[in-house]
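See structure below.
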Amino acid sequence: MDIEEESLKGQADIWEHMFAFVDSMALKCAIELGIPDIINSHGRPTTMSEIIESLKTTTSSSSPSVDFLTRVMRLLVRKRIFTSHSHQESNQTLYDLTPSSKWLLKDSELNLSRLFLFETDPTLVTPWHYMGKCVQDGGLSFQKAHGCGIWDLTLANPQFNQLFNEGMACTAKMQVDYRNGFNGIGSLVDVGGGTGAIIAEIVKANPHIQGINFDLPHVVATAPEYPGISHVGGDMFAHIPEADAVIMKWIMHCWSDENCVKILRNCRKAISKTKNGKVIIVDCVLRPEGDGLFDETGLAFDLLMMVNTLGGKERTEIEWNILLKSAGFPRYNIIQLPTFPSIIEAFPE
């Protein structure tokens, strides 16, 4: 590649990054309109006119814009979210799902639609505009954008709290694929378990477990009843209920090393009366030079934590090792999952 060609490629890269947000917003539009579900409901490739007719029913709109939606779908086809092909007899374009858009079906047990809507909500997007200011002056982007921290906002704003909990809950199914890891566990406390979706799935698959969903009082106050689950309100920095094992999903990456050590030491106390107690951490193991399917997502999540939390970050295996040893867990094991995060088993002896 000569210098002129390299320069042209460099220009093209900048244009692509400049408008990367358009991809997210186009997909958000499709999710909000329920386009994946509309196509899926037909059970076959679907014409634009059929999609529009379904929109009239589901959105109570008498005149959805065919032109606008056609242009949105054209981009999403290009991005391999949907497929399209021409039907020769009717001369109409037929749209169908791809393996990507099947992850956006709202009634599917495995879906990311609510998490996508949460992460692209204006409340979560606005703090990114303060990232440069925080690099210069320090502080927290979320705080600069909203005048409070993210946990304070979930307490003060029930609508945002619901959006947060729904976003976290939609990943419950894909993150309990732990094989035989729950064997021999009689009681399990989910620290920061939100409304209890994760622990409910675990107990459903392992009915011998007594489940405890532990989170802040205002969070568990909105939690539904689940068989075999008790909801307990409290502060993980002060005390964690006793159990045979502790599980934490996407908790550690929200906090600084100092705060993580405090939480992990309380976890150690919680399992201290159990002979083979362990802490099960569902979180990212950062691989900055990796070329795996989710390694770039890990780097994006690291900046997500920088923007939205005070001291939160994704950690490499070396950083996890240091953190766990500092909290009294000399032994650990990393288990790869068929999804973004991994499982880190931490043992106190």
Side-chain angles (χ1 to χ4, degrees), residues 12-13 15-59 64-121 124-125 166-177 284 290-301 304 336-342:
D13 286 344
W15 282 107
E16 183 175 350
H17 287 298
M18 189 187 307
F19 293 110
F21 74 94
V22 176
D23 298 344
S24 298
M25 293 301 106
L27 185 50
K28 180 181 182 181
C29 169
I31 295 172
E32 289 178 331
L33 294 174
I35 303 301
D37 298 289
I38 289 173
I39 295 174
N40 188 59
S41 68
H42 284 80
R44 54 171 174 75
T46 311
T47 65
M48 179 57 67
S49 59
E50 289 173 323
I51 295 174
I52 290 295
E53 285 303 313
S54 295
L55 277 178
K56 289 180 181 178
T57 302
T58 58
T59 65
S65 174
V66 176
D67 176 59
F68 286 178
L69 185 55
T70 300
R71 290 155 66 182
V72 170
M73 293 297 286
R74 180 172 60 188
L75 174 64
L76 294 177
V77 167
R78 171 86 179 194
K79 296 297 179 179
R80 297 185 296 280
I81 303 297
F82 301 101
T83 63
S84 69
H85 67 273
S86 297
H87 189 262
Q88 293 182 347
E89 294 180 6
S90 64
N91 198 30
Q92 293 192 72
T93 299
L94 295 173
Y95 298 94
D96 205 356
L97 301 175
T98 66
S100 298
S101 46
K102 287 178 181 177
W103 280 91
L104 301 173
L105 298 173
K106 293 176 182 176
D107 293 333
S108 173
E109 289 187 343
L110 299 176
N111 84 85
L112 291 169
S113 59
R114 297 306 304 177
L115 183 58
F116 193 99
L117 292 178
F118 172 68
E119 293 294 353
T120 55
D121 185 82
L124 270 293
V125 172
E166 288 176 351
M168 297 302 102
C170 82
T171 62
K173 286 276 187 180
M174 71 186 75
Q175 292 178 18
V176 292
D177 183 15
C284 171
D291 58 0
L293 282 175
F294 300 103
D295 286 333
E296 283 196 21
T297 304
L299 293 172
F301 251 75
L304 183 73
Q336 297 287 339
L337 295 177
T339 183
F340 165 51
S342 301

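For clarity, every value in this text was computed on a predicted model and none was experimentally measured. The first residue in the sequence is number 1, and the count goes up from there.
Residue-environment remark: CG (D67) exceeds the threshold of 12 foreign heavy atoms within 6.0 Å. Annotation for E296: atom CD does not count as buried by contact number, only 12 or fewer foreign heavy atoms lying within 6.0 Å. Counted within 6.0 Å of CG on D13, heavy atoms from surrounding residues, nucleotides or ligands total more than 12; the atom is thus considered enclosed.
Between T70 atom OG1 and I52 atom CD1 the span is 7.0 Å, to the nearest 0.5 Å. Expressed to the nearest 0.5 Å, how far CG of L115 lies from OG1 of T120 amounts to 9.0 Å. A distance of 10.0 Å separates CE in M73 from OG1 in T93, rounded to the nearest 0.5 Å. Interatomic distance, I39 CD1 to T47 OG1, rounded to the nearest 0.5 Å: 10.0 Å. Distance check, rounded to the nearest 0.5 Å: CZ of R114 to NZ of K106 gives 7.0 Å. One finds the OG atom of S101 at 9.0 Å from the CG atom of L27 (value rounded to the nearest 0.5 Å).
For P64 against L55, the heavy-atom pair with the smallest separation is CG-CB, 4.0 Å. The two atoms that bring L94 and P45 nearest to each other are CB-CB, 3.8 Å, heavy atoms only.
In this structure the side chain of P36 never reaches within 4.5 angstrom of the side chain of W103, judged on heavy atoms. For the pair L105 and L97, the minimum side-chain heavy-atom distance is below 4.5 Å.
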Practice prompt. Test L69 against L33 for side chain to side chain contact (heavy atoms under 4.5 Å, CB included), laying out the working first.
Written response: CA-CA 10 Å; L69 185 55; L33 294 174; 4.3 Å; yes
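Classified by interplanar angle (parallel below 30°, tilted 30° to 60°, perpendicular above 60°), the ring pair F19/F21 is tilted.
Applying the side-chain contact (heavy atoms from CB on, under 4.5 Å) test to R80 and every residue at least two apart in sequence or in another chain returns nothing.
Applying the salt bridge (charged side-chain N to carboxylate O under 4.0 Å, His left out) test to pairs two or more places apart or on separate chains, those with a residue in residues 33-46 are R44-E50. Within the structure, salt bridge (charged side-chain N to carboxylate O under 4.0 Å, His left out) pairs that include any residue of residues 16-27 comprise D23-K79 (at least two apart or interchain).
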